[in-house]
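Encoded as structure tokens, the structure appears first; notes follow it.
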There are 2 protein chains.
Amino acid sequence: MELPEALEKIMSGVNSGKTIIVVGKMHAQYVGRSTSRLTEGDRVLIIKNDRSVLLHRPTGYEPVNWQPPGVVINAQITVEGLELECSRKSPPEVLRIVITEVYSAEAYRLIDKGEFTIHAREEDMKLAIINSPDMIEPGLKILETERRVGDEYIDILAVDSDGQLVVIEIKRRRGTRQDVEQVIHYASMVEKELGKKTRKILVAPSISREAASLAMALKVEYKCFSPRLAYEILSKKKGLERFMKG
Amino acid sequence: MELPEALEKIMSGVNSGKTIIVVGKMHAQYVGRSTSRLTEGDRVLIIKNDRSVLLHRPTGYEPVNWQPPGVVINAQITVEGLELECSRKSPPEVLRIVITEVYSAEAYRLIDKGEFTIHAREEDMKLAIINSPDMIEPGLKILETERRVGDEYIDILAVDSDGQLVVIEIKRRRGTRQDVEQVIHYASMVEKELGKKTRKILVAPSISREAASLAMALKVEYKCFSPRLAYEILSKKKGLERFMKG
DNA sequence: AAATCGATATCGTAG
DNA sequence: CTACGATGTCGATTT
């Protein structure tokens with residue numbers, strides 16, 4: 001496709017809120033929060049309905065260059081080629097893309113009212129524990145979730161069968177040394193605020209060797225629990241509730 | 001475009017290492033590290049040369065669903081539509097995409113040998129400080145960078161004009177409370193290992209109010225320095241070197 | 001394979 | 001706007 005035709009497609013698409021896909025040979029430059037330069041090669045450029053801009057190489061998950069939604073787009077033909085300037089004010093940053101050859105340029109009116117639901121998040125692990133605290137430890141009673149201490153939130157504050165406070169930190173991924181430090185930090189704030197000693201439990205699907213030895217040293221307990229198991233427990237419970245209603 | 005024609009384009013493209021772009025109405029399901037469900041809507045599906053899979057909604061930076069490079073792709077026409085199954089073994093996960101309507105489906109042989117260079121990273125800030133330590137504080141001398149303590153790395157270990165050890169932590173973005181805690185943590189490990197007191201400095205372009213007050217309380221000093229300034233300093237130095245050579 | 005850390009991280013949420 | 005934590009974070013590097 002010729003550059004002027006592509007320019008017309010891009011700008012009329014941008015102005016009417018379409019999603020534009022350009023495949024071609026391009027190079028790019030970014031100046032803003034960082035600074036980068038990309039020399040010529042075959043790329044896929046996507047300008048979405050919300051005027052976010054993605055420049056993809058033919059490999060990998062991440063765009064090599066991009067701009068977030070709501071960017072201001074200017075385009076013109078120069079001696080270099082079809083030059084797109086994508087800029088915004090806060091933070092001040094500019095992505096300049098020069099297209100030298102166009103293999104394809106199309107604009108689509110895309111309407112997406114689909115719903116996206118995700119399960120097996122940290123939130124689901126929390127819900128499963130609230131529903132079945134005995135899973136963590138027999139006799140455990142939940143006192144509060146998301147208790148605010150300073151500017152931070154403690155995942156779960158509970159009390160064990162001996163009446164001692166328990167600070168619980170949940171991670172959906174393998175527990176790290178820093179996660180152990182986080183629960184220690186939360187517990188120390190609770191202890192300072194309430195003037196009571198606490199037990200500390202890190203709940204995660206697995207734990208790194210370093211985190212395990214640090215936990216041992218700092219008297220942080222570890223309880224194995226996975227997001228997948230949490231999802232299954234919640235599904236079962238939901239299924240049961242449906243059955244009870246029905 | 002009819003579904004069988006799209007199926008043919010997709011599979012022959014996948015088998016010959018092309019990049020495939022499909023625009024159409026689709027829904028998707030993911031099971032693996034998490035679990036998600038996306039109901040029908042207009043989407044852009046990209047299968048790259050390296051068999052990474054991206055499913056984009058018409059808004060936002062991130063793909064709503066994806067698979068990393070090297071995934072195994074199977075496709076067939078079912079009663080539901082054109083069904084793509086993208087799976088891998090480690091970790092075990094499957095992304096199932098059902099295309100019910102195809103607006104466009106094309107395969108491109110994309111060759112990208114371009115170079116990507118980035119500046120104004122945290123690494124550049126470190127290099128600038130190594131080149132001009134006086135910028136941080138007159139008389140500062142760099143002892144080590146990336147010093148390993150346990151399993152972690154300290155950005156810069158230096159000594160001030162009074163001969164006292166200085167632990168420096170660099171951030172390219174606004175400093176947070178956690179960054180202050182990190183430099184404290186590193187310093188305590190150094191103090192334990194070397195048996196000497198240290199000064200602690202957080203270098204960042206700005207600092208949050210909470211981080212500033214925590215830094216004050218914990219005797220962590222803050223020095224303002226930005227990635228952009230680091231890049232300018234390094235560019236100037238490089239220009240000077242070129243001038244000296246030429 | 002495991003662990004750590006940086007990133008133009010992005011994104012949502014709360015205040 | 002700022003601040004903070006979650007993410008199927010990804011990706012690079014080192015052991």
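Since we're looking at a predicted model, the values are computed, not measured.
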(Q) With a 3.5 Å distance limit and no angle check, can you tell me whether Arg228(A) reaches the backbone of Gly32(B) through a side-chain donor-acceptor pair? (A) yes

Q.
Suppose we screen for side-chain hydrogen bond (donor to acceptor under 3.5 Å, both in side chains). Which residues come up paired with Arg43(B), at least two apart in sequence or across chains?
A. Asp112(A)

Q. Who pairs with Lys48(A) by side-chain hydrogen bond (donor to acceptor under 3.5 Å, both in side chains), at least two apart in sequence or on another chain?
A. His56(B)

Please enumerate all residues that pass salt bridge (Lys or Arg N to Asp or Glu O under 4.0 Å) together with [X], with sequence neighbours excluded.
X: Arg121(A); value: Asp124(A)
X: Glu123(A); value: Lys126(A)
X: Arg209(B); value: none

OP1 or OP2 of [N] less than 4.0 angstrom from a side-chain nitrogen or oxygen of [X], does that happen here?
X: Gln178(A); N: dA3(C); answer: no
X: Tyr186(B); N: dT4(C); answer: no
X: Lys171(A); N: dG5(D); answer: no

Q: Say whether Thr198(A) and Glu191(A), considering side chains only, have a donor N or O and an acceptor N or O under 3.5 Å apart.
A: yes

Roughly how far apart, to the nearest Å, are [N] and [M] at atom [atom1]?
N: dG8(D); M: dC4(D); atom1: P; result: 22 Å
N: dG6(C); M: dT10(C); atom1: C1'; result: 14 Å
N: dA7(C); M: dT7(D); atom1: C1'; result: 14 Å
N: dC5(C); M: dA9(C); atom1: C1'; result: 12 Å
N: dG11(D); M: dC11(C); atom1: P; result: 16 Å

Without placing hydrogens or testing angles, list every side-chain donor-acceptor pair under 3.5 Å for residues 59-74 of chain B, not counting sequence neighbours.
unit_1	atom_1	unit_2	atom_2	d
Asn65(B)	ND2	Ser36(B)	OG	3.2
Gln67(B)	NE2	Cys86(B)	O	2.9
Gln67(B)	NE2	Glu93(B)	O	3.4

Rounded to whole angstroms, how far apart are [atom1] on [X] and [atom2] on [N]?
X: Arg174(A); N: dT7(D); atom1: CZ; atom2: P; answer: 17 Å
X: Met125(A); N: dG8(D); atom1: CE; atom2: P; answer: 14 Å
X: His185(A); N: dG5(D); atom1: NE2; atom2: C1'; answer: 13 Å
X: Asp179(A); N: dG5(D); atom1: CG; atom2: C1'; answer: 12 Å
X: Gln182(B); N: dC5(C); atom1: CD; atom2: C1'; answer: 9 Å
X: Arg177(B); N: dC4(D); atom1: CZ; atom2: C1'; answer: 8 Å

Q.
Does anything in residues 37-50 of chain B come within less than 4.0 Å of DNA chain D? Heavy atoms only, and list the residues if so.
A. none

For residues 213-222 of chain A, please give each side-chain donor-acceptor pair under 3.5 Å, one per line with the distance, not counting sequence neighbours.
unit_1	atom_1	unit_2	atom_2	d
Ser213(A)	OG	Glu210(A)	O	3.2
Glu221(A)	OE1	Arg199(A)	NH2	2.7
Glu221(A)	OE2	Arg199(A)	NE	2.9
Glu221(A)	OE2	Arg199(A)	NH2	3.4
Tyr222(A)	OH	Ala204(A)	O	3.1
Tyr222(A)	OH	Ser206(A)	N	3.2

Q: Classify every nucleotide of nucleotides 8-15 of chain C by which part a protein heavy atom approaches to under 4.0 Å, writing B for the base, S for the sugar-phosphate alone and - for neither, in 5'-to-3' order.
A: BSSS--SS

Q | Min side-chain heavy-atom separation Thr145(B)-Asp155(B) under 4.5 Å | A | no

Q: From the options dA3(C), dG6(C), dT7(D), select the nucleotide whose nearest atom is closest to the side chain of Glu122(A).
A: dT7(D)

